[in-house]
Structures are given as structure tokens and as C-alpha cells.
Amino acid sequence: MSLSVKIFVALVASVVVGLIAGPNSLGFVNWWIAPIGTIFINLIKMMIVPVVFTSLVVGMTSLGDTKKLGRIGIKTVALYLFTTAIAIIIGFGVAGIGHPGVGLSLASDAAVTAKEAPSIMQVFVDMVPKNPVDSMAKAQILPIIIFALFTGVGIIKVGGERAQLLMKVFDALAEVCYKIIGIIMELAPIGVFCLLLPVVCKNGPKVLLPLLSVIACVAIGCVIHAVAVYSTLSRLWGGHSPLAFFKGVSEAMMLAFTTCSSSGTLPVTMKNCQENLGVSREVSSFVLPLGATINMDGTALYMGVCALFIANVFGIDLTMSQMGMIVLTGTLASIGTAGVPGAGFIMLAMVVQTVGLPMEGLALVAGIDRVLDMCRTCLNVTGDAAVSVVVDHTERKYQNAA
Ligand code: ASP
């Protein structure tokens, strides 16, 4: 049985056992079962700082080549960041209309009230770490991200053999983090069961519907983003009709949907873009691997939906500045999300922590994460292809004009 099936079975088991056991068993469950769930959440928290730091440094250093490619690099990164930010906003919009989780109203031990909103200037001031070690100790994600970005730029500037060495070291460290996360995720079926059982015992069957609404919101959001953003990009600046674009990239989309890995899909994305959409080798070999590393529109959209879902479930009203924070951290988190199955979930934990939402909400998402991963990875890959088409088309125009 694959891990995602096991996690799903754990979700179903927690619902069945919870419904049978009912509120009377809450004392036993809270004493013996809930702490195991807390241990699982702590294990995930344990990895947030190391994985964010190392994978963002790797993401930044993989931009090293942009110097060579100059204009293409800037255009690509700007488009990636722009489409990612739009994706989160679409996620908010869909979740704002769909209200996933509203009415479930779980209570949490964590801070259930929205934090006092800091002013926007204060957010920027707090983003810059006075002491990165202190920020790491306190798991303050934004300052860690800023420090990681600077570290990446520093490494690129050092250049030569020493930079290569450091890039290898960070790459290896990020890989170690992903291996550890892999081990932790092996425990996810137990963790999810132990986290959800108390919730179901206490709240009964009303926990089920909200999960379906999250899946619907992510799926609908992905379709809206693809149709609105990628169709527009490919028609206006990509030289392809939306239909031709989606048809051209359909193999990669299917593969992404089934494998949940942008990195694993990369060879097919490159083939589709080159053979079906006429993207040059030069552009596709730069834009697409970079996209599989740093461009995750689907993951960003999922973060928007899930953050609102968790806030709804725990009856928290997100302030505008918290939403702004989610857009900012979500966009940056997507840079650090590896193109492998389930990576976005860990980054969601980071966003949830940064905004001060209850981490228990993650257990609900974990049970259905595989389905969400299928949708978001499909969008991630399509987004890479859309940007490659735009960069290729505009470059050709530029060269013809020159
Ligand atoms: N599975 C996604 C991808 O490979 C990343 C994620 O988990 O969001 O693109």
C-alpha cells in the first residue's frame, strides 16, 4: 500500500473509530492518543527551519545561471513570482466564496484569536533579521527566508570552485532534510490518526463535509488559474491559442497529475514544450528546470485555500495583513518547495506557523493531501510551460527586432 493510501486509510479509520467511540471516550483519547499526534506535529515543526533555509539557498543558487542569461533570467523570475502571487490570491478568492471549513468550528489549544495586525512597515522591518541564529531559534520564517536569499546571492557572488562546493553542500543538506521528512511522513498515518481521532470524537460526522469543500476549492481554483492566467499569457504573449497551448502540454499535465512531481515530470514537460509548442532548446533548458525548482503556482494556490480553511475551522478571522503575509510567505515558500510529492505540505506548515494559525489544522489537510497534490502539481507544471512559451515568443520577437 502506498503511503498516501495509508494516510487516507488512517483518515477514514479515525473517522470510523471516532464516530463509534463518541464524546464519552474523549478522556481516554485525550490522555493516550492525542499526545502521539502532538509528537507527529512536533516532528514536522522540527524540520521547518532546516528545510526552508537549505532549500531556499539551493533555489537561489540555481539562479546562478541567470547572470549568463541576463534578460531571460529576469523575465522568467518576474513571471514566475507574478503568476505565483496571482495563484495565492485566486486561492483566497475561491476559498472566500466557497468558505471551506466554515461551521465546523473546532477549538484549539493554540492561539485561536488572530494576532494583532502589525503595520505593513513593521512587517518589512521585522523581515530583516538582526540575528539570523535568533530568528532560527524562534522559527521566525520571514527573516530566515531573507537570510537564505542573501546567503544564496553571496554564494553566487563568490563563484568558482568554492561556490560549487557550497552549492553541493547545501544541495546535500536539503536532500538530507527531505530524507528526514520522508521518514517523518512514514509516520504520518499514525500521526494523522492520533490527531484526528480526538477531533472526530468531539465533533462527530460534521468534520467530513469541510474536507470535500477543500478539495473542491483547490480543484476549482486550479482550473480558474489555468484558464484565466495561462490562457491569457499564451494568447497575448506566447503566440499560441489557449487550446493549442493546453493540448500541447497535456501529456505533461497528465503525468504531473498522476505522479505529483514536477521534477519527475520535467523531461516530458521539456519534450512537450519543444516538440508541440516550438519552444527553443535554449529557453526550455533554462526556464523549465528552473520552474520545476522554484515555480509552484498550484502549491501557492493550495496554501491560500488551506490557510483560509484552517482559519475557518478554528473560527479565526484573518486580518488583511495576515493575508498579505500569506501571499508573501506563500510566494517565497513556493520557491523553496521541491518538485516532489508532498513537499508543499511541509511548506504549508511553515505558512501556518508564520501566520500564527493552529498547527492542528494540518492534520485535516494531511488526510486529503495526495488529492490536493495531484491538482497542484498539474498546475505547477502547466505554469512552467506557460512561462517558457512566453519567454520564448518574446525573445524571438526581440531578436527579430534587433
Ligand atoms: N508535488 C508538488 C510538485 O512536485 C510540490 C508540492 O507538494 O506542492 O510540484
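For ligands, and for the atoms within them, numbers begin at 1 and follow the listed sequence. We number each residue from 1, following the sequence as shown.
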Before giving the answer on side chain to side chain contact (heavy atoms under 4.5 Å, CB included), spell out for Val327 and Phe92 the whole-Å C-alpha distance, their side-chain angles and the decisive distance to 0.1 Å.
CA-CA 9 Å; Val327 174; Phe92 276 150; 3.7 Å; yes
I'd like to check which ligand 1 atoms, numbered from 1 as shown, lie under 4.0 Å from a non-hydrogen atom of Gly339.
3 (C), 4 (O)
Sort out for me which residue in Asn380, Asp369, Asp297 forms a side chain to side chain donor-acceptor pair (under 3.5 Å) with Tyr302.
Asp369
Suppose I only count heavy atoms of Ala343 and a 4.0 Å limit; which atoms of ligand 1 are within that range?
7 (O)
Considering only non-hydrogen protein atoms, determine which one is nearest to atom 3 (C) of ligand 1 and report residue, atom name and distance to 0.1 Å.
Ser262 OG, 3.1 Å
Going by the angle between their ring planes, with limits at 30° and 60°, are Phe147 and Phe53 parallel, tilted or perpendicular?
parallel
Glu251: which of Thr269, Thr265, Asn272 passes side chain to side chain donor-acceptor pair (under 3.5 Å)
Asn272
Hits for side-chain hydrogen bond (donor to acceptor under 3.5 Å, both in side chains) against Thr377, two or more places apart or cross-chain, chain-then-number order -> Asp373
Do any N/O atoms on Ser263 end up under 3.5 angstrom from N/O atoms on ligand 1?
no
Presence of salt bridge, Asp134 and Lys130, under 4.0 angstrom:
no
Closest non-hydrogen protein atom to atom 1 (N) of ligand 1, residue and atom name please, with distance?
Asp373 OD1, 2.8 Å
Assess the residue pair Thr84 and Met296 against the criterion (side chain to side chain contact (heavy atoms under 4.5 Å, CB included)); give the C-alpha distance rounded to whole Å, side-chain angles, the decisive distance to 0.1 Å, and a yes or no.
CA-CA 7 Å; Thr84 303; Met296 307 274 164; over 6 Å; no
Please list, in number order, the atoms of ligand 1 under 4.0 Å from a heavy atom of Gly344.
6 (C), 7 (O), 8 (O)
Within a 6.0 Å radius of atom CE on Met254, are there more than 12 heavy atoms belonging to other residues, nucleotides or ligands?
no
For Gly342, the ligand 1 atoms whose distance to one of its heavy atoms is below 4.0 Å:
7 (O)
Below 4.0 Å, non-hydrogen atoms only: which portion of Val340 touches ligand 1? Side chain, backbone, both or neither.
backbone
Under the salt bridge (Lys or Arg N to Asp or Glu O under 4.0 Å) definition, can you give me all pairs with a residue in residues 322-333, not counting sequence neighbours?
none
Under 4.0 Å from one or more heavy atoms of Asn380, ligand 1 contributes atoms 2 (C), 3 (C), 9 (O)
Residue and atom name of the nearest protein heavy atom (relative to atom 2 (C) of ligand 1), distance in Å to one decimal:
Thr377 OG1, 3.3 Å
Mind checking whether Cys260 has an N or O less than 3.5 Å away from an N or O of ligand 1?
yes
Relative to the heavy atoms of Met296, which atoms of ligand 1 are at a distance of less than 4.0 Å?
9 (O)
For Arg376, atoms of ligand 1 separated by under 4.0 Å from a heavy atom
6 (C), 7 (O), 8 (O)
A student checking ligand 1 against Thr299 at a 4.0 Å heavy-atom cut-off should list atoms 5 (C), 6 (C), 8 (O)
